[in-house]
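For reference, the structure is listed below as structure tokens.
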Amino acid sequence: MYVVKNKTVIMNKLLSTGFILLLLAVSVTAQPEGSLLSLLDEEQSTDYATNAFKSPRVINSHSMEMLSAGTMDFRILHRFGDVSEGGYEFFGLDQASMRLGFDFGITPNLMAGIGRSTNKKEIDAFVKYRVLWQSSGKRNMPVSLVWVSGATANGLKDPIGIEEVPVTFSRRLAFYHQLIIGRKFNDWLTIQVTPTWLHRNFVLNRLDPNELFAVGFGGRAKFTKRIALVWDYSYLINRFPANFNSHPLSLGVDIETGGHVFQLHFSNAVGMNERAYLTDQNGNWLKGEIRFGFNLSRVFQIVKKRVE
Amino acid sequence: MLFPLSCTREYVEDLRGVCFERDVLPIFQSNCTQSGCHNSVDRESGYDLTTYSSIVSRGIEPGDYKASEIYKVMVIPFGEEAMPQSPYARLTDEQIATIALWIEEGAENTTCADSTCNTTNVTFSASVKPILQTYCNGCHGGSSPLGNVDYNTYNGVKATVTNGKLLGSIQHASGFSPMPQNANKLSVCNLGIIKAWIDSGAPNN
């Protein structure tokens with residue numbers, strides 16, 4: 001006696017508008033640099049902010065950093081069980097969950113990636129485009145602006161679990177769009193704010209919103225040349241139930257060793273893609289329901305650099 | 001550009017509505033009526049959450065879950081008001097959603113018969129665990145489970161199968177403390193499901 005109903009569809013229009021805006025932004029900023037440079041006939045050069053973060057992800061969420069063109073980032077994200085489960089479960093380390101991902105740097109301002117998580121056997125993919133790049137000098141830009149759009153697909157045999165409701169492909173899907181506004185203030189401090197819009201094609205009751213809005217606050221404080229403190233929090237504006245405990249908060253340390261970046265962290269989130277960490281039930285930091293995790297990232301040069 | 005094409009905004013609606021007796025009452029009884037809390041004797045802060053009439057008498061605004069005190073205390077992050085209090089585990093999203101939907105539908109005293117009782121093909125994860133989650137985990141879950149009975153994991157459940165406590169308690173056999181406390185005995189169907197699972201060797205399936 002379960003039925004599937006539809007909420008209003010105005011949002012579909014908004015979604016397509018979003019894509020048109022993205023295309024517009026791409027076309028505007030994709031103008032050759034030369035045309036802008038020729039306007040200013042000074043010998044001053046432009047300094048672009050690099051290494052705002054050590055990798056294209058803060059911990060869970062995307063960072064303002066991009067992969068360089070022609071590289072592939074092989075990322076293995078691990079998240080263990082609840083620390084509060086105690087010694088018998090080795091503080092959660094007995095239960096590992098992971099996300100295996102490949103990210104590709106296509107141009108200096110464009111990257112794309114795909115990943116697969118243990119959690120809900122979910123596949124996710126995204127495209128990330130840097131609209132504005134923080135710079136100083138000739139071209140002065142106080143912030144970087146990065147657009148991310150992605151999709152997730154639940155891969156469980158029966159993701160809904162109600163006999164009367166058929167599982168269709170579209171009911172497995174969720175989409176997200178994100179704007180990362182970030183600034184590297186100086187060599188040791190980077191802060192970014194990320195308004196996010198997550199759309200789920202299918203939810204389990206009428207109070208649960210199909211459109212979820214969130215604002216992420218991430219940052220990095222670099223102590224030494226190789227070690228930095230990173231944090232990543234998302235305020236969920238219209239989550240149902242409006243349970244503040246479930247807002248994802250992660251704190252971690254990035255360690256850089258050669259071509260690897262190790263990210264060690266504690267997080268209350270189980271999931272490691274946008275749909276998962278924003279909408280799944282996360283643990284309560286105050287009750288010790290946090291999980292240890294580490295991300296391993298190895299960057300390979302797969303397309304040879306052009307010799308200028 | 002493929003993405004918007006398959007964009008829908010669907011949700012599931014249970015035409016029968018939320019069943020108070022089967023879906024809501026056990027959540028209150030299992031999670032809120034421990035000794036010293038919201039039972040008919042202690043009535044902590046004036047709340048008695050053991051029966052329908054006592055539950056709706058306070059903190060529930062039929063039709064408006066957001067204005068209902070009982071919903072609010074379940075979702076606030078910390079402080080003395082946040083319920084259930086430590087060491088008891090907070091409610092799951094699913095449990096909170098059930099209560100919110102029930103309030104939104106008018107907080108009525110709905111009852112319902114279990115449509116069919118299926119005690120064949122009983123598994124731990126699909127059949128037994130949800131029952132324990134609803135009726136037992138309020139006390140026997142979370143970070144410090146009561147009575148050394150920990151139903152967070154299969155092993156904890158298995159231990160009480162082996163020593164006979166699980167069946168003894170829920171069947172209200174003599175020599176065992178009757179469970180769930182401050183609440184009705186489990187339905188014949190739920191008892192049947194747990195018994196069938198134990199009889200098949202209590203596998204972790």
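Quick note on labels: first sequence line is chain A, next is B, and so on, each numbered from 1.
Residues A:Asn245 and B:Ile76 come closest through the heavy atom pair ND2-O, 4.3 Å. Residue B:Arg90 comes nearest to A:Asn282 through the heavy atom pair NH2-O, 2.6 Å, listed as atom of the first residue, atom of the second, then distance. Here the closest heavy-atom approach between residue B:Ala97 and residue A:Pro241 is recorded as N-CG, 4.3 Å. Summarising the geometry of B:Asp93 relative to A:Gln281, their closest heavy-atom pair is N-OE1, 3.0 Å, with the distance given to 0.1 Å.
In this structure, B:Tyr65 and A:Phe240 have perpendicular ring planes: the angle between them is above 60°, well past the 30° mark.
A:Asn201 contributes a side-chain N or O that, together with a main-chain N or O of B:Thr8, makes up a donor-acceptor pair within less than 3.5 Å.
A heavy-atom distance below 4.5 Å is not found between the side chains of A:Asn205 and B:Val12. Contact annotation: the side chain of A:His199 approaches that of B:Cys7 to within less than 4.5 Å [non-hydrogen atoms, C-beta and beyond].
Residue A:Val203 touches chain B through both its backbone and its side chain, counting heavy-atom pairs closer than 4.5 Å. Residue A:Asp82 does not touch chain B at all, counting heavy-atom pairs closer than 4.5 Å. For a residue to count as touching a neighbouring chain, one of its non-hydrogen atoms must lie under 4.5 Å from one of that chain's; by this rule B:Ile99 does not touch chain A. Neither the backbone nor the side chain of B:Asn152 comes within contact range of chain A, judged by heavy atoms closer than 4.5 Å. Both the backbone and the side chain of A:Leu204 come within contact range of chain B, with heavy atoms under 4.5 Å apart.
Distance check, rounded to the nearest 0.5 Å: NZ of A:Lys5 to OH of B:Tyr11 gives 5.0 Å. Separation of atoms CG (A:Asp208) and CG (B:Leu101) is listed at 9.5 Å; rounding is to 0.5 Å.
In this structure, B:Arg9 is not positioned above the aromatic face of A:Phe202 in the sense of NZ or CZ being under 6.0 Å from the six-membered ring centre and within 45° of the axis.
Between B:Glu10 and A:Arg200 there is no salt bridge, since no side-chain nitrogen of the basic residue lies less than 4.0 Å from a carboxylate oxygen of the acidic one.
More than 12 non-hydrogen atoms from other residues, nucleotides or ligands lie less than 6.0 angstrom from NZ of B:Lys72. Within 6.0 Å of CD on B:Glu105 lie more than 12 heavy atoms contributed by other residues, nucleotides or ligands. At most 12 non-hydrogen atoms from other residues, nucleotides or ligands lie less than 6.0 angstrom from CD of B:Glu81. Heavy-atom contacts from other residues, nucleotides or ligands closer than 6.0 Å to NZ of B:Lys185 number more than 12. Heavy-atom neighbours of B:Asn121 CG from other residues, nucleotides or ligands within 6.0 Å: at or below the threshold of 12. Atom CG of A:Asp158 has more than 12 heavy atoms from other residues, nucleotides or ligands within 6.0 Å.
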